[in-house]
Amino acid sequence: MTTREHDASVYEQVQESSEFQELKRRFRRWTFPMTVAFLVWYLLYVVLSGWARGFMGIKLLGDINVGLVFGLLQFVSTFLIAWAYARHAERKLDPIADKLRHEVEEKTQ
């Protein structure tokens with residue numbers, strides 16, 4: 001067996017392992033709902049901007065209106081999601097990924 005074939009079989013073994021499947025499950029379980037939530041939030045902003053101009057134009061404080069606040073909240077929510085994902089990855093994904101990486105490195109040396 002060549003080194004390339006050996007490496008491929010190691011990666012195939014890892015991919016079939018229960019730990020790798022758990023890693024994928026944890027990733028998807030967090031990422032997919034968060035992606036849907038963000039897209040719904042973003043589309044709400046777009047729809048309100050297009051079809052609820054009166055609502056979006058309501059002045060809250062001086063020249064600051066609802067549309068401006070919603071637009072700024074898009075940036076805030078993006079940063080919050082990135083921060084939350086980093087925490088999730090550090091606690092739930094990285095330990096499994098590190099273990100798998102060490103196993104692969106041991107098998108491929």
Side-chain angles (χ1 to χ4, degrees):
M1 184 180 298
T2 67
T3 304
R4 174 167 278 188
E5 290 170 350
H6 174 71
D7 288 348
S9 67
V10 169
Y11 294 118
E12 289 167 354
Q13 290 171 4
V14 169
Q15 187 177 6
E16 293 170 358
S17 72
S18 61
E19 289 170 326
F20 184 77
Q21 298 305 317
E22 176 66 15
L23 179 65
K24 285 188 351 182
R25 185 188 66 77
R26 288 182 184 191
F27 173 79
R28 289 178 178 161
R29 196 169 165 196
W30 194 93
T31 306
F32 289 168
M34 190 58 67
T35 301
V36 169
F38 180 78
L39 288 175
V40 167
W41 163 236
Y42 176 72
L43 289 174
L44 174 68
Y45 173 68
V46 171
V47 167
L48 288 175
S49 294
W51 286 282
R53 292 180 184 255
F55 171 71
M56 295 295 268
I58 294 172
K59 293 196 182 236
L60 300 174
L61 185 66
D63 288 333
I64 298 173
N65 61 21
V66 173
L68 180 61
V69 171
F70 272 40
L72 292 173
L73 287 174
Q74 291 291 316
F75 288 101
V76 171
S77 64
T78 300
F79 288 111
L80 287 174
I81 290 169
W83 172 78
Y85 177 75
R87 285 180 49 103
H88 169 73
E90 183 179 6
R91 292 180 178 179
K92 304 285 184 177
L93 304 177
D94 291 350
I96 298 172
D98 288 342
K99 183 177 183 224
L100 289 171
R101 180 175 51 87
H102 289 301
E103 289 176 9
V104 169
E105 286 174 350
E106 288 175 4
K107 291 178 182 178
T108 56
Q109 290 181 2

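No experiment lies behind these values; they were computed from the predicted model shown.
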Measure the spacing between [atom1] of [X] and [atom2] of [Y] and express it to the nearest 0.5 Å.
X: Ile64; Y: Ile58; atom1: CD1; atom2: CD1; result: 15.0 Å
X: Tyr85; Y: Lys92; atom1: OH; atom2: NZ; result: 13.5 Å
X: Leu72; Y: Phe75; atom1: CG; atom2: CZ; result: 7.5 Å
X: Trp30; Y: Ile81; atom1: CH2; atom2: CD1; result: 6.5 Å
X: Phe20; Y: Tyr11; atom1: CZ; atom2: OH; result: 12.0 Å
X: His102; Y: Lys107; atom1: NE2; atom2: NZ; result: 14.0 Å

- prompt: Are any non-hydrogen side-chain atoms of Leu43 and Val40 less than 4.5 angstrom apart?
  reply: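 No, every pair of side-chain atoms sits at 4.5 Å or beyond.
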field: Side-chain touch Arg26/Glu22, heavy atoms, less than 4.5 angstrom
entry: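 Touching, per the 4.5 Å side-chain cut-off.
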- prompt: Honestly curious: do Leu44 and Val46 fall in one hydrophobic cluster under the side-chain, below-4.5 Å linking rule?
  reply: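 Looking at the clustering, Val46 is in the same group as Leu44.
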field: Hydrophobic cluster identity match, Leu73 and Leu60, side-chain contacts under 4.5 Å
entry: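 In one cluster: yes.
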message: Working note: Met56 + Trp51, criterion side-chain contact (heavy atoms from CB on, under 4.5 Å); need CA distance, chi angles, decisive distance, verdict.
response: CA-CA 9 Å; Met56 295 295 268; Trp51 286 282; over 6 Å; no
Looking at every non-hydrogen atom in both residues, tell me the closest pair between [X] and [Y] and how far apart they are.
X: Pro95; Y: Ala89; answer: CD-O, 4.3 Å
X: Phe27; Y: Leu93; answer: N-CD2, 3.7 Å
X: Trp41; Y: Phe70; answer: CZ2-O, 4.0 Å

message: Taking CZ in Arg101 as the centre, count heavy atoms belonging to other residues, nucleotides or ligands within less than 6.0 Å. Is the count above 12?
response: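 Enclosed: over 12 neighbouring heavy atoms sit under 6.0 Å from CZ of Arg101.
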query: What do you reckon, is CG of Asp98 surrounded by more than 12 foreign heavy atoms closer than 6.0 Å?
result: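 Correct, the count exceeds 12.
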message: Please verify the inter-ring angle class for Tyr45 with Tyr42; under 30° counts as parallel, over 60° as perpendicular, anything in between as tilted.
response: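 Geometry flag for Tyr42 against Tyr45: tilted rings.
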query: Are Glu90 and Arg87 ion-paired here, with the side-chain N under 4.0 Å from a carboxylate O?
result: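 No, Glu90 and Arg87 are not salt-bridged.
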field: Thr31 side chain vs Arg28 backbone, donor-acceptor pair below 3.5 Å
entry: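 No, Thr31 side chain to Arg28 backbone: no donor-acceptor pair under 3.5 Å.
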message: Applying side-chain contact (heavy atoms from CB on, under 4.5 Å) to Arg25 and Gln21, what does each step give before you reach the verdict?
response: CA-CA 6 Å; Arg25 185 188 66 77; Gln21 298 305 317; over 6 Å; no
